[in-house]
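What follows is one structure encoded as structure tokens, with my remarks underneath.
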Amino acid sequence: MVTEVRAEEARLDPTGDQDSRRGGAAAESGVTAPSPAAYRAGLVLELLAKRSEPLPLTALATELELAKSSVLNLLVSLEASGMVRRTPAGWVLGFKVLELSRAALTSTEVVAEFHRATSASRELRRETVVLAVLDGTDVVYVARHDGQQPVRYVNEIGTRNPAAVTALGRAMLAGLPDEELDRRLGDTAQLPMRTQRSLRTVDQLRADLREVRRRGYSIDDEQGVPGIRCFSVPVGSPGSPTAVSVSFVADRQTLELETAVVAGLTRLAARLRRAEPS
């Protein structure tokens, strides 16, 4: 029997989580968004994605601080393309979003290579291995190899976590140039607290990142989920910050396992680096 500990089930109520993605690429580059309607449609989709329950028009307008008539126009347009659906209780994401998400995740050579390499790896094929990218100060999970462990911790593909509470996130943050790291952390005053072992301050985070750079890989010692350990290696590609990780129940931890997992992740990262377009 396989027991899966899912991220949403194991998550404690975080504090200090920030959404740095609002404004998207246009905001990050300092360029004004060319289409306000398209930008607002993206905000509608983003808000619906964050909620597990249908949202009425009034609630959407209030959250987005827009007129109800404007939000309704956006919803009707998105409904016509299958991106949202209306239900008796309110609006939800449409099935077209799922179709596009699956296409995006399966069409890249990096994801395909990830699955090929983990299945063939002597050190990794039995483990739970994850591929993720960095979005602002969040980790987004894009691919997963489930392995053959009887108890495993899994994050659903497409979900996100604050980078500071994950080995994946800290591996990617450590790989950023100092000026880019400063920009992403900005004026962050408080880190999300998931467990008693979570890093509490930005100074602690920066100290941990210096150690990750020295060591070459990051360690999550039950800082994100009680009873779960994780090791992560940055891919170090020229594209978006990317990393791979292995997670397992803490009781399995041995020096031999750490050595094998890190070696396997390092080889996997090298293969993915070659697979990424330059």
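Residue numbers count from 1 along this sequence.
Using a 4.5 Å heavy-atom cutoff, the side chains of V130 and L168 are in contact. Proximity of V129 to L265: side-chain heavy atoms (C-beta onward) are separated by under 4.5 Å at one or more points. The shortest side-chain heavy-atom distance between L93 and L45 falls under the 4.5 Å cut-off. Using a 4.5 Å heavy-atom threshold, the side chains of L191 and S198 count as separate. With contacts defined as side-chain heavy-atom distances shorter than 4.5 Å, the pair V84/V92 does not qualify. Contact annotation: the side chain of L60 never approaches that of L66 to less than 4.5 Å [non-hydrogen atoms, C-beta and beyond]. Side-chain contact between L131 and T118 is absent, with no heavy atoms from C-beta onward closer than 4.5 Å.
In this structure, OG1 in T201 is found 10.5 Å from CZ in R206, a value given to the nearest 0.5 Å. In this structure, OG in S247 is found 10.0 Å from CZ in R252, a value given to the nearest 0.5 Å. In this structure, OG1 in T137 is found 8.0 Å from CG in L173, a value given to the nearest 0.5 Å. Rounding to the nearest 0.5 Å places CD of E123 at 11.0 Å from CG of L257. In this structure, CG on L48 lies 10.5 Å from CD on E63, to the nearest 0.5 angstrom. Note that NZ of K50 and CG of L55 are 12.0 Å apart. Values are rounded to the nearest 0.5 Å.
Pairing each heavy atom of A89 with each of P56, the nearest pair is O-CG, 3.8 Å. For P226 against T195, the heavy-atom pair with the smallest separation is CD-CG2, 3.5 Å. Nearest approach of K68 to A61, heavy atoms of both residues: CG-CB, 3.7 Å. Heavy-atom minimum distance, P241 versus L176: CG-CD2, 3.8 Å. Across all their heavy atoms, V261 and L124 have their closest contact at O-CD2, 4.0 Å. Contact record, E222 with G227: OE1-N, 2.8 Å, taken as the closest heavy-atom pair.
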Check: Under the side chain to side chain contact (heavy atoms under 4.5 Å, CB included) criterion, do L43 and E46 qualify, and how do the steps go?
Finding: CA-CA 5 Å; L43 294 181; E46 184 178 34; 3.7 Å; yes

Notebook entry, point to check: Do L64 and L47 pass the side chain to side chain contact (heavy atoms under 4.5 Å, CB included) test, and can you show the C-alpha distance, the side-chain angles, and the key distance before you say yes or no?
Noted result: CA-CA 8 Å; L64 296 171; L47 181 56; 4.0 Å; yes

Checklist line | side chain to side chain contact (heavy atoms under 4.5 Å, CB included) between V142 and F114, worked out | finding: CA-CA 10 Å; V142 299; F114 169 83; over 6 Å; no

Margin query: Applying side chain to side chain contact (heavy atoms under 4.5 Å, CB included) to Q223 and R194, what does each step give before you reach the verdict?
Written below: CA-CA 7 Å; Q223 293 158 324; R194 293 290 174 78; over 6 Å; no

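The backbone N or O of A167 sits less than 3.5 Å from a side-chain atom of S218, completing a donor-acceptor pair. Remark: the backbone N or O of I219 is paired with a side-chain donor or acceptor of R170 at under 3.5 angstrom. A donor-acceptor pair under 3.5 Å is formed between the side chain of T166 and the backbone N or O of A163. The backbone N or O of P177 sits nowhere less than 3.5 Å from a side-chain atom of E180 that would complete a donor-acceptor pair. At distances below 3.5 Å, at least one donor-acceptor pair connects side-chain atoms of S232 with backbone N or O atoms of V244. With R273 contributing its side chain and V235 its backbone, the two residues share a donor-acceptor pair below 3.5 Å. A donor-acceptor pair is defined here as one N or O able to donate and one able to accept, closer than 3.5 Å; no such pair exists between the side chain of R51 and the backbone of E53. Using a distance-only test at 3.5 Å, with no hydrogens or angles considered, no donor-acceptor pair links the side chain of Q149 to the main chain of E127.
Under a hydrophobic-cluster definition in which Ile, Leu, Val, Met, Phe, Trp and Tyr are linked whenever side-chain heavy atoms come within less than 4.5 Å, directly or via other members, L268 and Y217 are assigned to the same cluster. A chain of hydrophobic side-chain contacts below 4.5 Å, direct or via other Ile, Leu, Val, Met, Phe, Trp or Tyr residues, connects V139 to L199. Placement of V165 and M193 in two distinct hydrophobic clusters is found when ILVMFWY residues are connected by side-chain heavy-atom separations under 4.5 Å, directly or transitively. Put simply, V133 and L272 are part of the same group of oily side chains (I, L, V, M, F, W, Y) that touch within less than 4.5 Å, one to the next.
Every pair passing side-chain hydrogen bond (donor to acceptor under 3.5 Å, both in side chains) that includes a residue from residues 75-92 is listed here, sequence neighbours excluded: E79-R86.
Of the residues R210, R184, R213, the one that meets the salt bridge (charged side-chain N to carboxylate O under 4.0 Å, His left out) test with D178 is R213. Residue R229 is tested with D251, D221, D220 for a salt bridge (charged side-chain N to carboxylate O under 4.0 Å, His left out); the sole match is D221.
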